[in-house]
Number of protein chains: 2
Amino acid sequence: MTGKKTKLSKSNSEQRIRARNEAKILKSAVELFSRKGFDGTRIAEIAEASGLPKANVYYYFANKAAIYTRLIEGVLTGWDRALEHITPDREPREALSLYIAAKLDYSRKHASESRFFANEMLRGGKFLSRQQKRHMKEITREYARVIEGWMEEGKIVRVDPNHFLIMLWATTQFYADFSTVAAATVEKKHLTASDFETARSTIVDIILNNCVPPR
Amino acid sequence: MTGKKTKLSKSNSEQRIRARNEAKILKSAVELFSRKGFDGTRIAEIAEASGLPKANVYYYFANKAAIYTRLIEGVLTGWDRALEHITPDREPREALSLYIAAKLDYSRKHASESRFFANEMLRGGKFLSRQQKRHMKEITREYARVIEGWMEEGKIVRVDPNHFLIMLWATTQFYADFSTVAAATVEKKHLTASDFETARSTIVDIILNNCVPPR
DNA sequence: GCATATCCTGACCAAATGGTCAAGTTTCCA
DNA sequence: TGGAAACTTGACCATTTGGTCAGGATATGC
């Protein structure tokens, strides 16, 4: 490319157009994919929801799978962050409280992303690359070790650390993935911040206060 | 219908053909719908997986939605059954232990049905009729009352009964809905009976042993 | 002002899809 | 054994779908 403006040095306004349109497409796509899955979502629906003509969507993304894999990358980045609270130098009560709060916060603010990923996992996670799967496994193993360490030090009641992690994930993601069920259970149309706070304290009460001896 | 053999009095072999083919179609459909959702699943795929020509599927079911709603009816029947363990005349430890075991048993033996329903809930549960939604709400309310009664009697630590139920659902269904994630977490290709038993004891340890005072 | 890069988009394409139909086959019972 | 009911299924239909293309519009920088 010999033009003065190249892909590697776009002007701000060019970057603004591309960044804005890609963001619009991704935001619409995550909502639709989270409800209808990869196969059930139409490119025309993504286009319509993002306010762009269908051919324009193909201007920014090579194909349907490219949109989908971009979304997976974004979600995995968020997944990692919450787990950062679990470090061996921390007391488990503090670390796990922060983790539970962070997960519930993610469920509240990124319900579409959580549901999108849940949908992908329901179908077996086939869109995740080997590297992404390996990464999740390694991270999980690392955190299971931290939890096991706390158990060995008598800081947490001894249970299977893997199943313990599963429990933390299940109870926090439920509020995003199955928000319709959760809302109906608490007899509301939608979950409120108060519901998430009750969820947090319930999970802390039941899981932490059993597993972590009082100070 | 003036024929000797009518819809209301089919012979055994006729019933055998219809029952067998309907069962084949439903079994294939629940697996496909559980992975790809309503919109993403093709009638041709259901036909192929059940070993029938596509037109034959339409001989037994009016349309795609008819297959889907039949599956929802079946799943709701199963959902009810597990909750039967929660009765006020029982001690909570016994009742909840049985409930957790029943739910995990369902997750192990009916993973496709569980995933199918999870998929439907991910999309907002729009296929459930008003009556079905009301039924689920009433059942949930009834069991929340039983749990609340146990709390008032001091038999269970006081937490929000609705969120307590959510926790029970989340931690047991996870093993069916996200079996790929659970298997990867325990570093196996597939969950075994032993994994379900570890799951059961972990859930009982963490939830019951905290919430229910020792005998 | 002009050349180049980027963006936009209606029309189009081949393949796929939910569903139908008519005719043949099989089953069943009097 | 024959007639009726139930079952089977290849071919077909109209519509939908993922994706492409060519040409025009806009933005930008010298």
Side-chain angles (χ1 to χ4, degrees), chain A residues 1-26 28-29 32-33 35-71 123 126-127, chain B residues 1-26 28-29 32-33 35-71 123 126-127:
Chain A
M1 285 169 178
T2 58
K4 297 228 181 59
K5 292 178 288 176
T6 67
K7 255 185 176 160
L8 303 178
S9 62
K10 282 177 273 187
S11 68
N12 281 346
S13 93
E14 270 177 340
Q15 285 167 353
R16 212 161 31 241
I17 291 173
R18 176 171 279 271
R20 188 183 65 210
N21 280 343
E22 285 189 6
K24 282 165 73 179
I25 291 165
L26 290 170
S28 298
L32 286 159
F33 282 137
R35 299 291 185 187
K36 300 183 163 195
F38 178 79
D39 300 288
T41 296
R42 306 299 168 226
I43 296 290
E45 289 174 306
I46 295 174
E48 185 182 9
S50 52
L52 300 167
K54 194 174 73 163
N56 206 197
V57 174
Y58 285 98
Y59 175 74
Y60 291 106
F61 294 92
N63 51 41
K64 193 181 190 184
I67 302 171
Y68 197 85
T69 55
R70 176 78 76 84
L71 288 170
R123 73 200 298 275
K126 291 182 162 62
F127 261 93
Chain B
M1 283 170 182
T2 58
K4 298 223 179 65
K5 292 179 288 177
T6 67
K7 255 190 176 153
L8 302 179
S9 60
K10 281 178 274 184
S11 68
N12 282 344
S13 94
E14 267 179 343
Q15 285 168 355
R16 221 166 16 244
I17 293 173
R18 174 171 280 272
R20 189 180 65 210
N21 281 344
E22 284 188 9
K24 280 163 74 179
I25 291 165
L26 291 170
S28 298
L32 286 158
F33 282 137
R35 299 291 185 187
K36 301 182 162 194
F38 178 80
D39 300 288
T41 296
R42 304 315 177 204
I43 295 291
E45 289 175 307
I46 295 175
E48 185 182 9
S50 53
L52 299 166
K54 196 175 72 165
N56 208 195
V57 173
Y58 284 98
Y59 176 75
Y60 292 106
F61 293 92
N63 52 40
K64 195 182 186 184
I67 302 172
Y68 199 85
T69 54
R70 175 78 76 87
L71 288 170
R123 73 203 297 278
K126 292 181 161 59
F127 261 94

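Note that the structure is a prediction, hence the values are computed from the model and not measured.
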Checklist entry - According to a 3.5 Å limit on both distances, what stems of 3 or more consecutive Watson-Crick or G-U pairs are formed with DNA chain D? => result C:1-30 with D:1-30
Checklist entry - Closer than 4.0 Å, any side-chain N/O of A:Y60 to the OP1 or OP2 of C:dC8? => result yes
Next on the checklist: Give me each pair satisfying side chain to side chain donor-acceptor pair (under 3.5 Å) with a member in residues 41-52 of chain B, each pair once, sequence neighbours excluded.
Outcome noted: B:K36-B:E45
Next on the checklist: Expressed as a whole number of angstroms, how long is the span from B:I17:CD1 to C:dT26:P?
Outcome noted: 12 Å
Next on the checklist: Output the rounded distance in Å from OH (B:Y59) to P (C:dT27).
Outcome noted: 13 Å
Item to check | Partner set under ring-ring contact (aromatic ring centres under 6.0 Å, His included) for B:Y59, not counting sequence neighbours | outcome: none
Item to check | Any A:R18 side-chain nitrogen or oxygen under 4.0 Å from OP1 or OP2 of C:dC7 | outcome: yes
Checklist entry - C:dG10 P sits how many Å from A:E48 CD, rounded? => result 14 Å
Checklist entry - Sequence neighbours excluded, which residues qualify as ring-ring contact (aromatic ring centres under 6.0 Å, His included) partners of A:Y68? => result A:F33, A:F38, A:F116, A:F127
Item to check | Whole-Å distance separating the CZ atom of B:F61 from the P atom of C:dG19 | outcome: 13 Å
Checklist entry - Atom CD of A:E22 to atom C1' of C:dC8: distance rounded to whole Å? => result 15 Å
Item to check | Heavy-atom pair of closest approach, residues A:P53 and A:A47 | outcome: C-CB, 4.1 Å
Item to check | Atom-pair distance (NZ on B:K36; P on C:dA16), nearest Å | outcome: 13 Å
Next on the checklist: Using every non-hydrogen atom in the two residues, find where B:I25 and B:L52 come nearest and quote the distance to one decimal.
Outcome noted: CG1-CD1, 3.6 Å
Next on the checklist: Is A:N21 close enough to C:dT6 that one of its side-chain N or O atoms is under 4.0 Å from OP1 or OP2 there?
Outcome noted: no
Checklist entry - Can you name the closest pair of heavy atoms from B:I43 and B:Y58 and give their distance? => result CG1-OH, 3.4 Å
Item to check | Partners meeting side chain to side chain contact (heavy atoms under 4.5 Å, CB included) with B:A55 (sequence neighbours left out) | outcome: none
Checklist entry - Are the side chains of A:I67 and A:L26 in touch, meaning some heavy atoms are under 4.5 Å apart? => result yes
Checklist entry - When you check every protein heavy atom under 4.0 Å of nucleotides 14-21 of chain D, what one-letter string (B, S, -) results, 5' to 3'? => result ---SBBBB
Checklist entry - Can you check the B:L52 CG to D:dC7 C1' distance for me, whole Å? => result 11 Å
Item to check | Closest non-hydrogen atom pair, B:D39 against B:R123 | outcome: OD2-NH2, 2.9 Å
Item to check | Whole angstrom value for the distance that separates P of D:dC7 from CG of B:N56 | outcome: 9 Å
